[in-house]
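Along the sequence shown, the residues carry numbers beginning at 1.
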Amino acid sequence: MHERVEKFQPEILFDGIISRAFASLQDMLSWTEHLCAPEGVFLAMKGMYPVEEIEQLPDHIRLHESLELSVPGTEGERHLLIFGRA
């Protein structure tokens with residue numbers, strides 16, 4: 001599909017939305033929330049743990065889990081953040 005994510009209108013909502021090096025968490029969630037099923041999750045790959053970004057999220061989005069990742073052959077922090085609707 002070649003279309004801006006915020007304009008895409010699928011017939012069936014997705015169980016999960018995955019983001020890697022896409023944007024801030026606020027932007028990622030606001031641009032993709034309409035694509036995710038009510039019980040779906042948002043998976044965001046981040047480098048350093050984004051404390052400030054998480055604090056700025058709307059009240060209806062909550063962090064379910066944060067997993068610190070070890071990626072062979074790379075340096076620096078990596079995290080997989082899993083969000084859902086509160």
Side-chain angles (χ1 to χ4, degrees):
M1 179 64 54
H2 182 67
E3 188 167 6
R4 294 198 53 91
V5 68
E6 62 270 25
K7 293 183 185 250
F8 181 52
Q9 296 294 320
E11 291 182 27
I12 299 172
L13 298 177
F14 297 98
D15 292 331
I17 305 293
I18 301 171
S19 167
R20 180 184 167 274
F22 176 63
S24 70
L25 292 174
Q26 178 68 36
D27 287 346
M28 177 245 181
L29 292 164
S30 68
W31 293 340
T32 64
E33 189 170 3
H34 70 284
L35 302 174
C36 195
E39 300 298 320
V41 295
F42 301 88
L43 301 125
M45 296 290 297
K46 288 293 201 174
M48 292 177 52
Y49 188 81
V51 174
E52 290 181 15
E53 286 185 58
I54 292 169
E55 290 173 350
Q56 295 173 2
L57 292 177
D59 291 338
H60 70 279
I61 300 290
R62 70 178 179 92
L63 179 64
H64 288 297
E65 189 172 2
S66 172
L67 303 168
E68 190 168 349
L69 305 176
S70 175
V71 181
T74 65
E75 294 182 21
E77 293 182 36
R78 301 283 190 275
H79 292 87
L80 171 62
L81 306 174
I82 305 169
F83 296 94
R85 292 181 179 93

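- Residues Leu80 and Ile18 fall within the same hydrophobic cluster, defined by Ile, Leu, Val, Met, Phe, Trp and Tyr side chains chained together at heavy-atom separations under 4.5 Å.
- Judged as a salt bridge (Lys or Arg N to Asp or Glu O under 4.0 Å), not a single pair has a partner in residues 9-20 (not counting sequence neighbours).
- Glu6 meets the side-chain hydrogen bond (donor to acceptor under 3.5 Å, both in side chains) test with Arg4; sequence neighbours excluded.
- Hydrophobic clustering (side-chain heavy atoms under 4.5 Å, transitive across Ile, Leu, Val, Met, Phe, Trp, Tyr) keeps Leu69 apart from Leu81.
- Residues satisfying the salt bridge (Lys or Arg N to Asp or Glu O under 4.0 Å) test with Glu33, not counting sequence neighbours, are Arg85.
- For His64, the side-chain hydrogen bond (donor to acceptor under 3.5 Å, both in side chains) partners at least two apart in sequence or on another chain are Arg62.
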Given Leu57 and Gln26, is the side-chain contact (heavy atoms from CB on, under 4.5 Å) satisfied, shown in steps?
CA-CA 6 Å; Leu57 292 177; Gln26 178 68 36; 4.1 Å; yes

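- Scored by the side-chain contact (heavy atoms from CB on, under 4.5 Å) test, Glu3 finds Met1, Lys7, Phe8 as partners (sequence neighbours excluded).
- The ring-ring contact (aromatic ring centres under 6.0 Å, His included) check on Phe22 picks up Trp31, with sequence neighbours excluded.
- Here Leu67 contributes atom CG and Ile82 contributes atom CD1; the two are 5.0 Å apart, rounded to the nearest 0.5 Å.
- Expressed to the nearest 0.5 Å, how far CD of Glu55 lies from CG of Leu63 amounts to 11.5 Å.
- Annotation: salt bridge (Lys or Arg N to Asp or Glu O under 4.0 Å) contacts of Arg78 (sequence neighbours excluded): none.
- With hydrogens and angles disregarded, a donor-acceptor distance shorter than 3.5 Å links the side chain of Ser24 to the backbone of Asp27.
- In terms of hydrophobic clustering, with Ile, Leu, Val, Met, Phe, Trp and Tyr side chains grouped at heavy-atom distances under 4.5 Å, Leu29 and Leu13 are assigned to different clusters.
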Side-chain donor-acceptor pairs under 3.5 Å in residues 41-54, sequence neighbours left out?
unit_1: Lys46; atom_1: NZ; unit_2: Ala23; atom_2: O; d: 3.3
unit_1: Lys46; atom_1: NZ; unit_2: Glu53; atom_2: OE1; d: 3.2
unit_1: Lys46; atom_1: NZ; unit_2: Glu53; atom_2: OE2; d: 3.3
unit_1: Glu53; atom_1: OE1; unit_2: Leu25; atom_2: N; d: 2.6

